[in-house]
Amino acid sequence: MSRKIDKKALIPPRVILKGQFEIEIGPGTVLHPECQVNAQKGPIKIGAHCLLEEQSIIVNMSSKPMVIGDYNYVEVGSKLKALRIGSRNRFEPKSSVALGAEIGDDCIIGAKVSICGGDKVGNKTIVFSNGNSQERRKLASTRNLTEIKSMLEQLSKILF
Amino acid sequence: ETPPPPHHPTPARARGARPGAPMERLGGAVLEPKKILFENKAYIQTKLGNKISKRSILYGTSKIRVLGKTILEPGVIIRGDLATVDLGKNCIVCEDSVIRPPDQRYQGKLIFVPLKIGNHCVIEKGSVIQAAKISDYVHIGENCVIGKRCMISSCVKILDDTVLAPNTVCPPFTVFGGSPGKCVGRLPPSYQLYCIEKTALYY
């Protein structure tokens, strides 16, 4: 049960890091209070400069390692269970990504959207709900990187 | 006698099972609201009459202002450390809601905008509020996601499971629903009285 937390990561007291397997958190990552990282059946590796907001849950329910890329912005109440999540993604509040799904880079998963197992979301895609159905669109470019960088900069000044 | 609001909650909810609908008018008769007993020890009662659960999670309490007679149920997370949060009188914030000031780009920098919630508001379970301003007499349903920098005017009802896109402006006396949140109905002018009655009674 080892936790490899980089010195530059910001983790407040109320974060829950559960599980018997290894959890690795990269530099510059900020975990907000009430966030849960649960390495239940396999190790989790979270990249650098990620932002996990309140009530977000990252669970690894498979024995394979779970890898989350850099600069991800996981908003309030999101649940991530997928094994491979790329970098510079944005998971809006209450979104969920099931085990077996794969998310590429530079994506935006809209609020309350759930991505089922076996789904593969490519790079630079935005997944949002439109009434009752889910829609996907390819984006030319996203500003995810600049947004999260400014967010992290501001947070490091005022948090904890 | 004020006419009943057009959007009635279902009868099961009307029997006081949820704080959102303590009273319901069915066929002229008024159902008595069920008494919801709460453990005195589980809540902190402040001088202004606020009932704040001991299991609620408040950050930056020096920047959180709660006007009076407001109920904060267990599991509520209020992030006052990011920016000031103002809650009005007679508000009800139900379990596991997250009240979080939104961020905004201003002159090239990112700042956290203060969040103001008006009087007699009801925020039901599991909602995520990242609005900039919520005026008086607003009812926000369960599991809603209120996007960043939203401005919700007075006397608005937001249905359960709504997702309001960032920067949405909700005009007064409307009902918003769906994902993305759109205006799905109107409310009568008596909604204000209904809200006051509802929240005061629940308290």
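Values below: all heavy atoms of this structure, side chains included; hydrogens, waters and symmetry mates excluded. Below, read A as the first sequence line, B as the second, and so on, with proteins coming before strands; counting in each chain starts at 1.
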query: Can you tell me how far CD1 of A:I148 sits from CG of B:L110, rounded to the nearest 0.5 angstrom?
result: 11.0 Å
- prompt: Got a sec: does the CZ of B:R105 have more than 12 other heavy atoms crowding it under 6.0 Å?
  reply: yes
message: Under 4.5 Å from any heavy atom of chain B, what part of A:E75 do you find: side chain, backbone, both or neither?
response: side chain
statement: For B:P180 and A:S129, the nearest pair of non-hydrogen atoms, with its separation, is CD-O, 3.7 Å
message: Can you tell me if B:K63 has over 12 outside heavy atoms packed within less than 6.0 Å of its NZ?
response: yes
- request: Please tell me if the side chains of B:V145 and A:E92 come closer than 4.5 Å, counting only heavy atoms from C-beta onward.
  value: no
query: Where do A:P93 and B:Q130 come nearest, in terms of heavy atoms and distance?
result: CG-OE1, 4.4 Å
- prompt: So, do A:E54 and B:Y59 sit near enough that their side-chain heavy atoms are less than 4.5 Å apart?
  reply: no
- prompt: Rounded to the nearest 0.5 Å, how far does OG of A:S150 lie from CD1 of B:I111?
  reply: 12.0 Å
message: Counting heavy-atom pairs under 4.5 Å with chain A, which one of B:V98, B:L82, B:D103, B:I57 comes out on top?
response: B:I57
query: Take atom NZ in A:K81; do more than 12 heavy atoms of anything else shown fall under 6.0 Å from it?
result: no
Expected output: side-chain A:K112 to main-chain B:T162 donor-acceptor under 3.5 Å: no
message: Do A:E53 and B:R79 have side chains that approach each other closer than 4.5 Å (heavy atoms only, starting at C-beta)?
response: no
statement: Output for pair (A:K94 NZ, B:C144 SG), nearest 0.5 Å, gives 9.0 Å
- prompt: B:G126, B:G178, B:G60: which one forms the most heavy-atom pairs within less than 4.5 Å of chain A?
  reply: B:G126
